[in-house]
Amino acid sequence: MSFPAAIISLFVSSLPAFADLKLCNRMSYVVEAAIGIDEKSATATRGWFRIDPAACRVVLQGALTADRILLNARALGVYGASPIPQNGSDTLCIAPDNFVIAAARQCRGNQTPAPFTQITPTRTDDGNLVAYLAEDSEYDDEQARLAGIQRLLVIAGYDAAPIDGVDGPKTQAALSAFLKSRGLSAEIVQSQSFFTTMIDAVQKPSATGLTWCNDTPHKIMAAVASDDGKAVTSRGWYRIDPGKCLHPDVTGQPKQVYSFAEAVDGENRAIKYRDRPLNWGGSKELCTRDSKFEISEQGDCGTRGLAAIGFAPVDMSSGGKTLRFAMP
């Protein structure tokens, strides 16, 4: 999947003293948000607030007396590497699951530091405050919702590209095929739970395409590569949470598909089992890097500042393959 350069779009105005604060998602991703509150030299954080495309979520209620409000946002793991850049100037503590941290500048236990961006929301006609999460594409609500559906259809193995928020016969055909395969009625598309339904479907094994399933207690980061007969392109990293499955985007009909996966801890360090890294790969050395990547030239990885990792070939002759990662 090719991620757009996503940005947090913040509309600036004065901050009223009494109002609810809403975050609204105009991205083509289901996101999770965490907020930080700076008040009289004390900083607290709270998360995660899940927000579907074209939806809003109240994250603070009542009197807003904070000196500053800060934000960290991430896409769900089903999308692979998060397309939302995390480059805020404040470093505050977060936790993997729902959390409230009172002293958020000194991390403890399972808390990890993360960059937060200061926001100044705008006041709406109803007296509340709102800040928008947006992409370079500048979708409106309707476009964001359709683009979000297109993106999940592509991940699920249906051809709804390009992901542009524009309806048409191709998108409708892909959506109809998805609904039919899951035994769902057309009416569910307009329900508030439709993104949950789609994500649940994407995180289950599929009869078509490549599926990774994480049967370990650890987070797994995975990479895929495809050989189209002209070049081998490697892409990563995709996050697969424990107990979940994920379909990497393998488009077209490549001659060969390769896979690599590695279990990591909360700070993305490789986990070792019996003094060896817990990973699943093979002998086909391809180029990768630590951060999100898409690499089409596979020669001289080291001299180009890249890391060569051994990928394993995947037999896709039956049209679909599920790789299950389990403890040895």
Side-chain angles (χ1 to χ4, degrees), residues 1 3 29-30 32 50 74-83 96-97 151-160 174 177-178 181-184 195-226 233-254 256-266 268-274 276-284 286 288 292-293 309-328:
M1 184 181 307
F3 292 122
Y29 303 86
V30 178
E32 293 176 323
R50 173 173 156 158
R74 67 186 187 185
L76 295 189
V78 70
Y79 298 108
S82 178
D97 301 314
R151 190 171 296 283
L152 287 171
L153 286 171
V154 169
I155 294 174
Y158 297 88
D159 187 4
F178 169 81
S181 70
R182 266 67 179 185
L184 301 172
F195 280 101
T196 298
T197 299
M198 293 196 76
I199 288 169
D200 287 345
V202 168
Q203 291 180 325
K204 294 178 181 177
S206 172
T208 60
L210 173 62
T211 304
W212 288 312
C213 289
N214 181 359
D215 295 334
T216 80
H218 308 291
K219 178 175 70 173
I220 285 178
M221 303 301 288
V224 67
S226 55
T233 301
S234 55
R235 293 191 302 279
W237 296 96
Y238 300 84
R239 187 179 86 224
I240 315 167
D241 293 325
K244 301 295 185 181
C245 296
L246 187 145
H247 307 281
D249 51 315
V250 179
T251 58
Q253 295 181 326
Q256 181 64 63
V257 174
Y258 301 91
S259 170
F260 174 83
E262 183 172 50
V264 298
D265 63 16
N268 288 331
R269 296 173 299 193
I271 288 176
K272 289 189 176 182
Y273 180 80
R274 295 178 179 175
R276 298 182 63 182
L278 183 57
N279 60 35
W280 299 263
S283 59
K284 179 70 172 180
L286 300 174
T288 69
K292 183 170 77 76
F293 67 89
I309 289 180
F311 283 62
V314 181
D315 181 6
M316 302 290 292
S317 58
S318 63
K321 182 69 175 182
T322 297
L323 299 180
R324 306 199 75 98
F325 307 126
M327 299 298 294

Quiz item: In terms of the angle between their ring planes, are Trp237 and Phe260 parallel, tilted or perpendicular, with boundaries placed at 30° and 60°?
Solution: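 The arrangement is perpendicular - the two ring planes meet at more than 60°.
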
Kindly compute the distance separating [atom1] ([X]) from [atom2] ([Y]), expressed to the nearest 0.5 Å.
{"X": "Asp265", "Y": "His218", "atom1": "CG", "atom2": "NE2", "value": "9.5 Å"}
{"X": "Phe293", "Y": "Thr233", "atom1": "CZ", "atom2": "OG1", "value": "11.0 Å"}
{"X": "Trp212", "Y": "Lys321", "atom1": "CH2", "atom2": "NZ", "value": "14.5 Å"}
{"X": "Ile240", "Y": "His247", "atom1": "CD1", "atom2": "NE2", "value": "10.5 Å"}
{"X": "Ile220", "Y": "Asp241", "atom1": "CD1", "atom2": "CG", "value": "10.0 Å"}
{"X": "Arg269", "Y": "Ile271", "atom1": "CZ", "atom2": "CD1", "value": "9.5 Å"}

Quiz item: Between Val78 and Lys244, is a side chain to side chain contact (heavy atoms under 4.5 Å, CB included) present by the stated rule, with each step listed?
Solution: CA-CA 9 Å; Val78 70; Lys244 301 295 185 181; over 6 Å; no

Does a side-chain heavy-atom distance below 4.5 Å link [X] with [Y]?
{"X": "Asn214", "Y": "Lys219", "result": "no"}
{"X": "Tyr158", "Y": "Ser181", "result": "yes"}
{"X": "Leu152", "Y": "Phe178", "result": "no"}
{"X": "Ser259", "Y": "Trp280", "result": "no"}
{"X": "Ile155", "Y": "Met198", "result": "no"}

Determine the minimum heavy-atom distance between [X] and [Y], stating which atoms define it.
{"X": "Tyr238", "Y": "Ala223", "result": "CD1-CA, 4.5 Å"}
{"X": "Pro254", "Y": "Ser226", "result": "CB-CB, 3.9 Å"}
{"X": "Leu278", "Y": "Met327", "result": "CD2-SD, 3.7 Å"}
{"X": "Glu262", "Y": "Pro277", "result": "OE2-CB, 4.2 Å"}
{"X": "Pro242", "Y": "Thr216", "result": "CB-O, 3.4 Å"}
{"X": "Ala174", "Y": "Leu153", "result": "O-CD2, 3.9 Å"}

Exercise. Check whether any side-chain N or O of Tyr79 sits under 3.5 Å from a backbone N or O of Val30 as a donor-acceptor pair, and report yes or no.
Key: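 Indeed, once roles are kept as given, a pair shorter than 3.5 Å links the two residues.
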
Quiz prompt | Donor-acceptor under 3.5 Å (Gln256 side chain, Val314 main chain) | solution =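 Yes, the answer is positive, given that a donor and an acceptor are paired below the 3.5 Å cut-off.
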
